[in-house]
Amino acid sequence: MLRYLTAGESHGKTLVAILEGMLSGLRVNPAKIDKELKRRQAGYGRGKRMEIEKDRVQILSGMRGGKTLGSPIALSIPNRDWKNWKSVMDPVRPSKEGKVTRPRPGHADLVGVLKYDQDDIRNVLERASARETAARVAIGAITKILLSEFGISIISQVIQIGRVKAKVEGLKIGEIKRKADDSKVSCPDREADRLMAEEIDRARRKGDTLGGVFEIIATGLPIGLGSYVHPDRRLDGRLAQALMSIPAAKGVEIGLGFRASELLGSEVQDEIFYEKRKGFYRKTNNAGGLEGGVTNGEPLRIKVAMKPLSTLQKPLSSVDLITKRKVKATVERSDVCVVPAAAVIGESVASFELANAMLEKFGGDSLSEMKRNYAGYLKYLK
Ligand SMILES: Cc1cc2nc3c(=O)[nH]c(=O)nc-3n(C[C@H](O)[C@H](O)[C@H](O)COP(=O)(O)O)c2cc1C
């Protein structure tokens, strides 16, 4: 089984990630990890921090000569901004900086200080910050490489920002990728792309923030990943958990999602067909590629709703932790809209879950062993 841990504060020295359970013999080019890290930092609506941080991964262990060894893979992503925060974030010496005492509504600020018995919100916000997701994207990049060895790829598209909804019905998957890559907000609908950027500019001028919706699409998945036999083995549940754990994610829809609830069964279920060349297949994909918590061979399609970001340049009302007086919430340097970045994180965390499900089903300690197992299964399916 694959598992990972991340560590690191937003303005600390570095982010750290350990990936355990990866098989041996997988060629990993660090440039591919850096490419994903760069994608996470892009997107119209990001703030100044992203201009400072140009993330680059350092591989500390678990690889030799460009290939994985089967041992834990340790990664580090240094925070470039650390040099300006050394005294504030020193792990040993107390900081002389003033404490942050005005919690921002919508962040972990208030619940965090109460839960962990803190009197400085910085002790909460540094770890609660979405900076941590850079470590998850680095892990996801490695699992993406594993999936690509089996012809599985995963892409994403932004389909809504604020009230602007894209028209993406009927687009082919290749087209989605090409057009989304071309867009500053990762949206394949050219007109929506323009309107979304305007919406972001408007929110920025007002000192406000925006949310939206992105969709991830994985193709090339075999029938049979995940299981219905126990709740914690259902792949739909695992993917939903992974995607909901993205900061500011507030909803996950698989396939038709909430829309299925208002339709008739005959309009929703995907009828089953068979051809010798293709095997079992469907002509529709309302299930989003999952039935009974198991992949059904159709593309996996999951939408994620993101709330508008919590830190407002025109801050909302709050209460000072010490004086208990009504105040305006703290203003930290902040993004206006991160839906394009969240889509990249979505790809990463979903890749991790899919790679884990592939390893569970086809196992093996080396890539060559897993490939033998996979080839045998594909033969059996036909
Ligand atoms: C890539 C990314 C960047 C983010 N940047 C910010 C930010 O600059 N300002 C902010 O207020 N929230 C930002 N967030 C959202 C907060 O991290 C999140 O809302 C907060 O941790 C509270 O968690 P919750 O919204 O899931 O309850 C970002 C989220 C993501 C995914």
Side-chain angles (χ1 to χ4, degrees), residues 6 8-11 15 36-55 77 79 81 100 102-116 121-141 156 158 160-162 184-186 200 203-204 206-216 240-252 303-316 318 328-350 352:
T6 72
E9 278 71 41
S10 181
H11 298 95
L15 294 170
E36 295 296 317
L37 291 173
K38 191 172 174 193
R39 287 181 67 222
R40 190 199 77 98
Q41 295 189 284
Y44 202 70
R46 303 305 302 273
K48 287 267 178 261
R49 174 83 193 263
M50 290 306 114
E51 290 168 22
I52 298 167
E53 298 296 349
K54 294 275 178 282
D55 288 336
I77 305 163
N79 289 322
D81 211 8
V100 182
R102 293 172 287 138
R104 295 159 302 167
H107 272 293
D109 294 4
L110 179 61
V111 290
V113 287
L114 296 176
K115 177 175 168 65
Y116 288 97
I121 293 167
R122 182 150 307 283
N123 292 342
V124 172
L125 69 85
E126 283 288 332
R127 180 63 186 164
S129 156
R131 176 88 191 118
E132 181 272 343
T133 58
R136 283 195 256 174
V137 168
I139 296 284
S156 61
V158 169
Q160 188 180 331
I161 285 183
K184 47 190 172 305
V185 287
S186 304
I200 292 169
R204 193 194 305 275
K206 285 198 251 165
D208 221 318
T209 59
L210 284 170
V213 178
F214 69 84
E215 182 180 32
I216 57 154
Q241 193 284 331
L243 290 161
M244 278 297 287
S245 75
I246 299 171
K250 292 297 147 204
V252 171
K303 296 191 189 91
V304 179
M306 304 286 297
K307 75 172 186 184
L309 302 179
S310 310
T311 310
L312 304 182
Q313 299 308 306
K314 268 200 196 149
L316 298 173
S318 183
K328 287 291 175 196
T330 301
V331 181
E332 285 269 320
R333 187 172 50 194
S334 189
D335 300 321
V336 176
C337 175
V338 297
V339 185
V344 178
I345 302 162
E347 288 177 28
S348 307
V349 298
F352 175 86

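For clarity, every value in this text was computed on a predicted model and none was experimentally measured. Read the numbers this way: they start at 1 and go in the same order the structure lists the ligands and their atoms.
Ile246 has its side chain within reach of Phe214: a pair of non-hydrogen atoms, C-beta onward, lies under 4.5 Å apart. Residues Arg46 and Val338 are in side-chain contact: their nearest non-hydrogen atoms beyond the backbone lie under 4.5 Å apart. In this structure, the side chains of Pro103 and Val113 stay at 4.5 Å or more apart for every pair of heavy atoms. Ile345 is listed as a side-chain neighbour of Arg40, based on a closest heavy-atom distance under 4.5 Å. With contacts defined as side-chain heavy-atom distances shorter than 4.5 Å, the pair Leu312/Thr209 qualifies.
Closest protein heavy atom to atom 29 (C) of ligand 1: Ala130 CB, 3.4 Å. For atom 13 (C) of ligand 1, the nearest protein heavy atom (residue, atom name, distance) is Leu309 CD2, 3.5 Å. For atom 1 (C) of ligand 1, the closest non-hydrogen atom of the protein is Ile345 CD1, 3.6 Å. With hydrogens left out, the protein atom closest to atom 27 (O) of ligand 1 is Lys250 NZ, 3.2 Å, a heavy atom. Of the protein's non-hydrogen atoms, the one nearest atom 5 (N) of ligand 1 is Asp335 OD2, 3.0 Å. The protein heavy atom nearest to atom 20 (C) of ligand 1 is His107 ND1, 3.5 Å. Protein heavy atom nearest atom 21 (O) of ligand 1, with residue, atom name and distance: Ala128 O, 3.5 Å. With respect to atom 22 (C) of ligand 1, the closest heavy atom belonging to the protein is Gly106 O, 3.4 Å.
Polar contact with ligand 1: absent for Ser129 (N/O pair, distance under 3.5 Å). Polar contact with ligand 1: absent for Arg40 (N/O pair, distance under 3.5 Å). The N/O atoms of Ala248, backbone and side chain alike, include one that comes under 3.5 Å of an N/O atom in ligand 1. For ligand 1, the polar-atom distance check finds no N/O of Thr133 at less than 3.5 Å from any of the ligand's N/O atoms.
Residues in residues 337-348 take part in these salt bridge (Lys or Arg N to Asp or Glu O under 4.0 Å) pairs, two or more places apart or across chains: Arg39-Glu347, Lys144-Glu347.
With a 4.0 Å cut-off on non-hydrogen atoms, Val338 touches ligand 1 through its side chain and not its backbone.
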Criterion side-chain contact (heavy atoms from CB on, under 4.5 Å) on Ile216 and Leu243, from CA distance to verdict: CA-CA 10 Å; Ile216 57 154; Leu243 290 161; 4.2 Å; yes
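Each of Ile121, Thr311, Val124, Leu309 was scored for a side chain to side chain contact (heavy atoms under 4.5 Å, CB included) with His107, with one residue passing: Thr311.
A donor atom on one side chain and an acceptor atom on the other are not found under 3.5 Å apart for Ser10 and Arg122.
Every atom of ligand 1 is numbered from 1 in the order shown, and the set under 4.0 Å from a heavy atom of Thr311 is 9 (N), 10 (C), 11 (O).
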